[in-house]
Amino acid sequence: MFATLSDRLADTFKNLRGKGRLSEADIDATAREIRIALLEADVALPVVREFVAAVKERARGEEVSQALNPAQQVVKIVNDELVSILGGETRRLRYAKTGPTVIMLAGLQGAGKTTLAAKLALWLKEQGKSPLLVACDLQRPNAVNQLQVNGERVGVPVFAPEPGNGVGDPVGVARRSIDEAKRTLHDVVIIDTAGRLGVDAEMMKQAVDIRDATQPDEVLFVVDAMIGQDAVTTAQAFLDGVGYDGVVLTKLDGDARGGAALSIVSLTGKPVIFASNGEKMTDFDLFHPDRMAGRILD
Ligand code: GDP
């Protein structure tokens, strides 16, 4: 495995203790180590550059503290910067003031949308909400069935097209689901949409049509943390194509270092709201910037 940033810096700073202030050479050596650590964590290059420049700037002004050794001090600066970029405090979900809250999920096929839809439904139920799952992924043959199975597992009903009515019309299903939620007194509607293996104009148009038909309170972009550097291009394509309010990172139980989170937030300005970390319905939580910062640095 890779050396942690603390180990690297401990080496860099072996002879530094008690010098009073970091020299320019110390700062350059530090910057190099941070750069390597971030690249190893799969952070996109332009984000690494900007980040390292910001940390250099901060490190220049700092006195070497008595309490922390220089390595610990720089790790703390890097950690604080990471937490601040990743959103500081956890961003809360926004609920509609009147009528059902509509949450639309968008992302590539395999990102984990259908699984996430049910996890989110369970989480909302635990918050005292009454969610309705909506199957608008009518592209992938098994997606409706998968949502129904997961819906059953978490005890949340699924609104899906009936045979002969709406099978080829995800936009119609999405629109009707809101009336259904009102009629059956569900206060949150979670719309699962179709993805493709790659970004594709037709998929994007369908997502835009569903968005326009349902006017979601939150569009969440669901992205697999394991895709590393590709996450950034995909995140940008969905931002340009559909637009979204927040990001959900999935598959954080894998060995991805989490650089995707930093890259996406830095380049899109959108917060990560939830984290999904396993195949069980309870493997899901609000995103915690401090935990992710730790993961990027370890
Ligand atoms: P969709 O095509 O975006 O709807 O993706 P799915 O929800 O079908 O997920 C694709 C695959 O990833 C499935 O095999 C899921 O069980 C799996 N999956 C989803 N979320 C996670 C996660 O957080 N961790 C792991 N390990 N697997 C996940």
Side-chain angles (χ1 to χ4, degrees), residues 42 103-124 126 131-154 156 158-161 167 170 173-174 177 189-200 202-208 210-211 216 218-228 230-231 233-235 237-239 241-242 244 246-261 264 272-288 291-292 295-296:
D42 256 344
I103 301 174
M104 172 179 157
L105 307 178
L108 293 181
Q109 183 174 319
K113 286 183 301 303
T114 305
T115 311
L116 187 273
K119 289 179 175 184
L120 179 58
L122 176 61
W123 183 85
L124 285 165
E126 285 164 356
L132 176 68
L133 285 161
V134 182
C136 289
D137 180 355
L138 310 181
Q139 225 86 36
R140 192 158 59 85
N142 199 34
V144 175
N145 181 44
Q146 189 191 337
L147 190 64
Q148 279 162 336
V149 169
N150 283 340
E152 219 153 275
R153 277 161 83 187
V154 297
V156 172
V158 175
F159 184 76
V167 175
V173 172
S177 74
V189 175
I190 303 170
I191 302 175
D192 184 24
T193 65
R196 296 279 163 86
L197 290 174
V199 171
D200 155 306
E202 200 184 321
M203 163 191 72
M204 217 53 103
K205 177 169 186 323
Q206 187 180 99
V208 167
I210 291 175
R211 183 199 69 198
E218 296 272 20
V219 177
L220 300 181
F221 168 61
V222 181
V223 61
D224 178 345
M226 301 286 286
I227 68 174
D230 285 344
T233 21
T234 310
F238 274 84
L239 191 66
V242 200
Y244 47 83
V247 179
V248 182
L249 279 177
T250 64
K251 309 194 192 178
L252 285 170
D253 50 316
D255 57 8
R257 292 282 298 283
I264 292 174
V272 183
I273 304 183
F274 294 110
S276 174
N277 56 356
E279 302 208 49
K280 288 203 301 290
M281 289 294 121
T282 47
D283 292 333
F284 174 80
D285 200 356
L286 285 167
F287 176 76
H288 294 286
R291 286 185 208 162
M292 182 52 76
R295 182 177 182 132
I296 292 172

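It should be emphasised that the depicted structure is a prediction, and the values quoted were computed from it without experimental measurement. Start at 1 and go down the list; that is how both ligands and their atoms are numbered.
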Tell me the protein heavy atom at minimum distance from [atom], and give that distance in Å.
atom: atom 19 (C) of ligand 1; answer: Thr115 OG1, 3.6 Å
atom: atom 8 (O) of ligand 1; answer: Gln146 NE2, 3.1 Å
atom: atom 5 (O) of ligand 1; answer: Gly112 N, 3.0 Å
atom: atom 3 (O) of ligand 1; answer: Lys113 N, 2.8 Å
atom: atom 17 (C) of ligand 1; answer: Glu279 OE1, 4.0 Å
atom: atom 4 (O) of ligand 1; answer: Thr114 OG1, 2.7 Å
atom: atom 22 (C) of ligand 1; answer: Gly278 O, 3.2 Å

Need the ligand 1 atom indices (1-based, order shown) with element for anything under 4.0 Å from a heavy-atom of [X].
X: Asn277; result: 23 (O)
X: Lys119; result: 23 (O)
X: Gln109; result: 2 (O)

Checklist entry - What do you reckon, are the aromatic ring centroids of Phe238 and Tyr244 less than 6.0 Å apart? => result no
Applying a heavy-atom cut-off of 4.0 Å, say which part of [X] lies close to ligand 1: side chain, backbone, both or neither.
X: Lys280; answer: neither
X: Asp253; answer: side chain
X: Leu252; answer: neither

Checklist entry - Given Arg140, Met226, Lys251, which has its nearest heavy atom closest to atom 28 (C) of ligand 1? => result Lys251
Checklist entry - Hey, is ligand 1 close enough to Ser276 that some N/O pair sits below 3.5 Å? => result yes
Checklist entry - Does Val222 offer a backbone N or O that forms a donor-acceptor pair with the side chain of Lys113 under 3.5 Å? => result no
Checklist entry - Can you tell me if Arg211 uses its side chain to pair, donor with acceptor, with the backbone of Val219 under 3.5 Å? => result no
Nearest 0.5 Å please: distance from the [atom1] atom of [X] over to the [atom2] atom of [Y].
X: Ile190; Y: Leu147; atom1: CD1; atom2: CG; value: 9.0 Å
X: Asp255; Y: Arg295; atom1: CG; atom2: CZ; value: 8.5 Å
X: Leu116; Y: Met281; atom1: CG; atom2: CE; value: 9.5 Å
X: Ser276; Y: Leu249; atom1: OG; atom2: CG; value: 9.5 Å
X: Leu108; Y: Leu197; atom1: CG; atom2: CG; value: 8.0 Å

Next on the checklist: My understanding is that only one of Asn142, Asp192, Asn150 makes a side chain to side chain donor-acceptor pair (under 3.5 Å) with Thr114; could you say which?
Outcome noted: Asp192
Item to check | Derivation of the side-chain contact (heavy atoms from CB on, under 4.5 Å) call for Thr115 and Gln146 | outcome: CA-CA 8 Å; Thr115 311; Gln146 189 191 337; 3.8 Å; yes
Ligand 1 contacted by [X] (non-hydrogen, < 4.0 Å):
X: Gly195; result: no
X: Leu108; result: yes
X: Gly110; result: yes

Next on the checklist: Whether Lys251 and Asp224 form a salt bridge (side-chain N of Lys/Arg under 4.0 Å from carboxylate O of Asp/Glu) is what I want to check.
Outcome noted: yes
Item to check | Met203 side chain near Gln109 side chain, heavy-atom distance below 4.5 Å | outcome: no
Item to check | atom 13 (C) of ligand 1 protein-contacted, heavy-atom criterion under 4.0 angstrom | outcome: no
